Undergrad: 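Take this structure, written in structure tokens, and hold onto it; I'll ask about it next.
The model shown is predicted, which means the values in this text are computed figures rather than measured ones. Throughout, protein chains are lettered first and strands after them, A, B, ... in sequence-line order, and every chain is numbered starting at 1. Computed from heavy atoms alone, side chains included, the values below leave out hydrogens, waters and symmetry copies.
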Amino acid sequence: MNDAFLISPESEHRGAGCPNVNDLTEEQIRAELDLILDRRNADTRLSTMGAGSDDLDAGRRYLANTVLGGWHVPTWPREHGGQDASVNQNSLIGRVLREFVVPDLYPFAIGLGMVGPALLEHGTNAQQTDWLKPIASGESIWCQMFSEPEAGSDLANVALSALQDGDEWILGGQKTWTSRAVWAQWAICLARTDAAQPKHKGLTMFAIPMSLAGVEVRPLMQMNRDAHFSEVFVDGARLSDQWRIGEVGEGWRVAMTVLAHERAGGGSRGGGDGNARGLKLPSWIADLQVLVGEQTGDWRNKVAALYARDAASRWTAQRASDEARSTGSPGPAGSGAKLRTVNSYKGRSYLANSTSGARGMLEDSHGYIETLTAPSMSIRGGTDEIQRNILGERVLGLPGEPRLDRDVPWNESRRGLI
Amino acid sequence: MTEDSLVDPLVTETAHRLFSEICDHESIQAAEARGQAPEIWNAFAETGFPWISIDEGAGGSGGSLLDALEVLRLVGYHAAPIPAAETGILGGWLLASSGQELPDGITTVVPNGGENATGSISGEEVLISGRALRVPWARIAERIVIPLAIEDQTVIASVDSAQCDIEPMTNMAGEPRDTVNFRNVRVPLALATPDVDLEAFRFRGALSRAALMAGAIEKMSQLTVSYTNDRVQFGRPVAKFQAVQQHLVWGAQDAALARMVAETAAREATRGAAQFEIAAAKLVANQAAARATKACHQAHGAMGMTQEYPLHHLSRRLWSWRKEYGGDAEWSKWLGQVAVSRGADQLYPLITGGSAALN
Ligand SMILES: Cc1cc2nc3c(=O)[nH]c(=O)nc-3n(C[C@H](O)[C@H](O)[C@H](O)COP(=O)(O)OP(=O)(O)OC[C@H]3O[C@@H](n4cnc5c(N)ncnc54)[C@H](O)[C@@H]3O)c2cc1C
């Protein structure tokens with residue numbers, strides 16, 4: 001455990017009466033962040049999507065520290081852990097934040113990047129008040145209970161059922177590949193509330209406390225040895241109607257908001273490892289330089305091409321995420337951003353792996369976890385194929401895929417192949 | 001074609017049946033946790049498979065190199081967690097070529113490349129010291145074989161593993177690739193026959209990996225075709241989507257390609273020097289493995305990422321083997337240098353004639 005991100009007394013400074021964050025200049029932002037965070041240097045490294053790490057404390061301390069100034073989610077309302085920042089000011093803060101040490105926020109990413117924005121769009125006032133601040137401060141971790149054994153790419157096929165009983169719901173079914181379920185206090189869960197409706201129409205979104213009786217988490221082991229993604233079995237769990245997010249039957253719309261934020265957010269805040277001001281090179285290139293024997297022309301070409309791709313992908317992701325923030329509801333740009341971010345992540349890990357030569361076959365060698373994680377990047381959060389379908393249909397206006405089960409009641413279409 | 005250029009069909013059938021019976025998902029998974037699979041090894045050794053292609057007179061099982069490589073292809077196909085190549089066509093071959101006894105148990109070999117052990121001759125003995133890296137299965141081997149070039153001679157040192165200090169290390173596939181420390185171990189001096197030297201060993205290592213990889217890519221391709229036909233999304237098997245079919249075609253092409261180059265190299269190797277074919281086979285297998293693992297993982301979706309589904313036994317082995325006995329850069333460079341040094345006029349004869357045109 002490191003002792004960075006301890007709360008310092010100065011961090012109390014952004015209380016009431018401070019200048020509006022929208023009025024701060026870049027220098028002022030930097031000066032304020034300097035009071036609470038350490039500058040990034042050439043040795044700063046990030047862990048890979050939670051794999052190989054169980055350190056929740058660093059992220060928690062960082063969020064607890066930055067929430068006072070609303071630095072991590074500046075566009076959120078002040079009362080919910082943000083600063084009511086404009087989209088432009090948010091981008092500026094994001095850029096300056098890259099100069100500082102930000103720990104791996106993977107455990108907190110669903111809450112910060114997906115549930116939070118979805119609650120701002122679809123949640124009730126009470127839900128926003130109850131849930132947003134603890135997300136921003138790192139107090140509560142959320143997971144995403146969408147996928148099921150029979151509902152991966154075909155997410156609208158979820159079968160986990162929620163039946164109304166007075167002002168409660170009774171839930172039963174199974175989710176799978178639920179990342180972070182072992183850490184989470186809350187899940188955002190897509191459930192079927194009306195099986196007689198066509199598949200997209202009978203769905204409703206809920207928030208589930210993971211400690212609820214009838215909810216059981218069984219970790220699965222991934223090939224990169226990560227055990228943070230799980231099966232979740234739900235059997236007769238009773239849920240208050242207050243925990244329904246959005247209207248009954250509107251679950252698909254809420255799910256689309258969550259997914260669009262997931263895609264758009266892939267390369268934004270905290271995650272990327274850009275070349276911060278004052279650093280000559282991003283750390284992934286610095287690492288490659290240590291690994292490589294001879295810097296051949298071919299190798300330099302590859303590094304330069306990746307650097308360019310990586311920068312373009314970061315800007316694309318930033319643009320998609322700004323767009324999502326300014327319109328409040330992200331569009332297909334997020335799919336483009338996700339494709340690019342994934343492509344660049346995979347490119348970096350494959351180059352690191354090939355640069356490391358025979359040493360790189362060993363477990364725990366540099367780039368080992370990245371190599372075993374890379375194939376999942378173009379699968380999680382919607383596969384590359386699905387993102388391209390979205391771009392083809394929604395951006396290029398190409399004819400849609402045949403969707404034979406679209407208007408058929410879900411309980412009929414389930415009976416067999418159409 | 002001579003008898004020698006054909007695989008004995010009985011070898012294919014028997015090895016395939018043996019592995020189908022004893023080497024399943026659970027036993028591979030268990031081997032990874034334990035760092036060995038004694039049940040699989042014992043059943044395999046009982047048949048004499050590890051020592052195919054080594055003369056019976058030298059303690060081997062006889063048979064051709066082609067048969068031995070066919071067995072390795074099946075080891076790769078079944079992702080069998082055993083030191084088959086090390087005991088047989090690498091370690092066993094080095095021992096036999098220097099007139100040394102083959103142990104009944106497991107033999108391993110110090111692979112070429114990287115930091116390595118060194119030896120010096122003192123009278124009728126060789127003194128071994130230093131550190132060898134990424135030695136396959138050293139912790140369960142009876143003997144550790146080290147080919148050494150000393151004073152223009154090729155010395156084959158056969159060290160009792162009990163005399164070494166072994167640090168367990170693991171490759172990406174969870175197979176042992178140990179660090180072995182030699183503290184001035186003395187072994188009897190044994191010289192290899194003139195056709196066996198470090199260069200020949202390096203090529204033979206690459207040939208062994210090309211065979212293993214061809215098998216693993218083939219199995220991966222079959223697994224992917226069958227999974228995508230079973231997996232239903234949007235009311236139909238995902239194999240019906242053209243985007244998925246493209247992945248399937250990559251997998252199948254790379255399986256065919258890797259097998260073709262491995263078999264060509266194997267056939268040439270039974271005839272004599274096959275440097276050009278082996279270099280090409282390892283490079284092509286490396287590239288095929290990179291493409292096919294990507295395609296097959298993508299077509300599997302999340303299922304392929306979990307340890308409970310067998311795809312990773314194959315993909316992680318392929319990523320490791322790709323780096324053993326020459327990565328892409330090493331063999332590209334070798335092939336490039338050969339082509340360039342012979343000049344433009346000789347390029348086409350080299351491509352069509354292969355190693356025969358080199359000599
Ligand atoms: C590491 C990891 C973490 C994850 N975390 C979570 C999580 O926290 N919460 C959660 O709910 N889910 C999670 N998932 C699940 C993820 O959302 C699904 O894996 C993803 O949506 C794909 O579904 P699938 O795996 O069932 O693949 P499938 O849908 O079975 O797809 C198999 C193949 O078919 C292709 N395919 C499918 N339909 C089409 C089509 N119409 N056109 C063209 N090609 C098609 C796919 O692209 C893929 O190549 C995670 C997955 C991974 C790998």
Undergrad: So which of A/Thr383, A/Thr371, A/Leu372 has the largest heavy-atom pair count under 4.5 angstrom toward chain B?
TA: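 Among A/Thr383, A/Thr371, A/Leu372, the one with the most close pairs to chain B is A/Leu372.
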Undergrad: Please look at A/Leu362 and chain B and tell me whether the side chain, the backbone, both or neither of the residue comes under 4.5 angstrom of a heavy atom of that chain.
TA: both
Undergrad: Enter the distance from A/Glu216:CD to A/Phe233:CZ here, rounded to the nearest 0.5 Å.
TA: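 Answer for the CD-CZ pair, A/Glu216 versus A/Phe233, is 7.0 Å.
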Undergrad: Just checking A/His228 against A/Tyr106, ring centres under 6.0 Å apart?
TA: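 Not under 6.0 Å, so no.
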Undergrad: Can you tell which part of B/Lys333 gets under 4.5 Å to a heavy atom of chain A, answering side chain, backbone, both or neither?
TA: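 B/Lys333 touches chain A through side-chain heavy atoms alone.
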Undergrad: Taking A/Ser153, A/Ser365, A/Ala156 one by one, which has the highest count of heavy-atom pairs under 4.5 Å against chain B?
TA: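 If we count pairs closer than 4.5 Å to chain B, A/Ser153 comes out on top.
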Undergrad: Under 3.5 Å, is there a donor-acceptor pair linking the side chains of A/Ser378 and A/Lys346?
TA: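 A/Ser378 vs A/Lys346: donor-acceptor pair found between side chains.
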Undergrad: Side chains of A/Ser335 and A/Gln387 only: does a donor on one sit below 3.5 Å from an acceptor on the other?
TA: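 Short answer, yes.
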Undergrad: State which residues pass salt bridge (Lys or Arg N to Asp or Glu O under 4.0 Å) with B/Arg322; sequence neighbours excluded, sorted by chain then number.
TA: B/Asp328
Undergrad: Would you mind checking if A/Arg225 and B/Glu32 are paired as a salt bridge, meaning a charged N to carboxylate O distance below 4.0 Å?
TA: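 Salt bridge: yes.
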Undergrad: Would B/Thr293 and B/Trp319 satisfy side-chain hydrogen bond (donor to acceptor under 3.5 Å, both in side chains), going step by step from the backbone distance to the final call?
TA: CA-CA 8 Å; B/Thr293 46; B/Trp319 291 321; 3.2 Å; yes
Undergrad: Heavy-atom cut-off 4.5 Å, strictly under: side chain, backbone, both or neither for A/Ser354 against chain B?
TA: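 Looking at A/Ser354, just its backbone touches chain B.
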Undergrad: Could you have a look at B/Ala173, B/Gly301, B/Ala243, B/Gly326 and say which one has the most heavy-atom pairs with chain A under 4.5 angstrom?
TA: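 Of the options given, most contacts go to B/Gly301.
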Undergrad: Measure from the side-chain N and O atoms of A/Glu231 to the backbone N and O of A/Leu220, and report whether any donor-acceptor pair falls under 3.5 Å.
TA: no
Undergrad: Taking side chain as everything from C-beta outward and backbone as N, CA, C, O, which of these in A/Ala151 sits under 4.5 Å from a heavy atom of chain B? Side chain, backbone, both or neither.
TA: backbone
Undergrad: Could you tell me whether a side-chain N or O of B/Gln307 sits under 3.5 Å from a main-chain N or O of A/Gln222, the two making a donor and an acceptor?
TA: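 Answer holds: yes.
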Undergrad: Considering only heavy atoms and a distance below 4.5 Å, find which of B/His312, B/Gln298, B/His300, B/His297 pairs most often with chain A.
TA: B/Gln298
Undergrad: Under 3.5 Å, is there a donor-acceptor pair linking the side chains of B/Asp24 and B/Ser27?
TA: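 Yes, B/Ser27 and B/Asp24 have a side-chain donor paired with an acceptor closer than 3.5 Å.
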Undergrad: Below 4.5 Å from any heavy atom of chain B, which atoms of A/Asn389 appear? Answer side chain, backbone, both or neither.
TA: neither
Undergrad: At a 4.5 Å cut-off on heavy atoms, which part of A/Arg406 comes close to chain B: side chain, backbone, both, or neither?
TA: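 Neither part.
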Undergrad: Check whether A/Asp298 gets within reach of chain B through its side chain, its backbone, both or neither, counting any heavy atom under 4.5 Å.
TA: neither
Undergrad: Tell me, for B/Tyr309 versus chain A, whether the close heavy atoms (under 4.5 Å) come from the side chain, the backbone, both or neither.
TA: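 Neither part; nothing is under 4.5 Å.
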Undergrad: Going by the angle between their ring planes, with limits at 30° and 60°, are A/His200 and A/Trp252 parallel, tilted or perpendicular?
TA: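 A/His200 and A/Trp252: perpendicular rings.
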Undergrad: In terms of heavy-atom pairs under 4.5 Å, which option from B/Arg316, B/Met303, B/Met169 contacts chain A the most?
TA: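 Heavy-atom pairs under 4.5 Å are most numerous for B/Arg316.
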Undergrad: So if I take each residue of residues 198-212 of chain B and look for any heavy atom under 4.5 Å from a heavy atom in chain A, which residues do I end up with?
TA: none
Undergrad: Less than 3.5 Å apart, any donor N or O on the side chain of B/Asn286 or B/Trp321 sitting next to an acceptor on the other?
TA: no
Undergrad: Quick one: of A/Thr176, A/Asn353, A/Asp364, A/Asn157, who has the most non-hydrogen atom pairs under 4.5 Å with chain B?
TA: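 Max contact count across the listed options: A/Asn353.
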Undergrad: Please say which of B/Arg134, B/Lys282, B/Arg177 ends up in a side-chain hydrogen bond (donor to acceptor under 3.5 Å, both in side chains) with B/Glu324.
TA: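 When B/Arg134, B/Lys282, B/Arg177 are each tested with B/Glu324, the side-chain hydrogen bond (donor to acceptor under 3.5 Å, both in side chains) holds only for B/Arg177.
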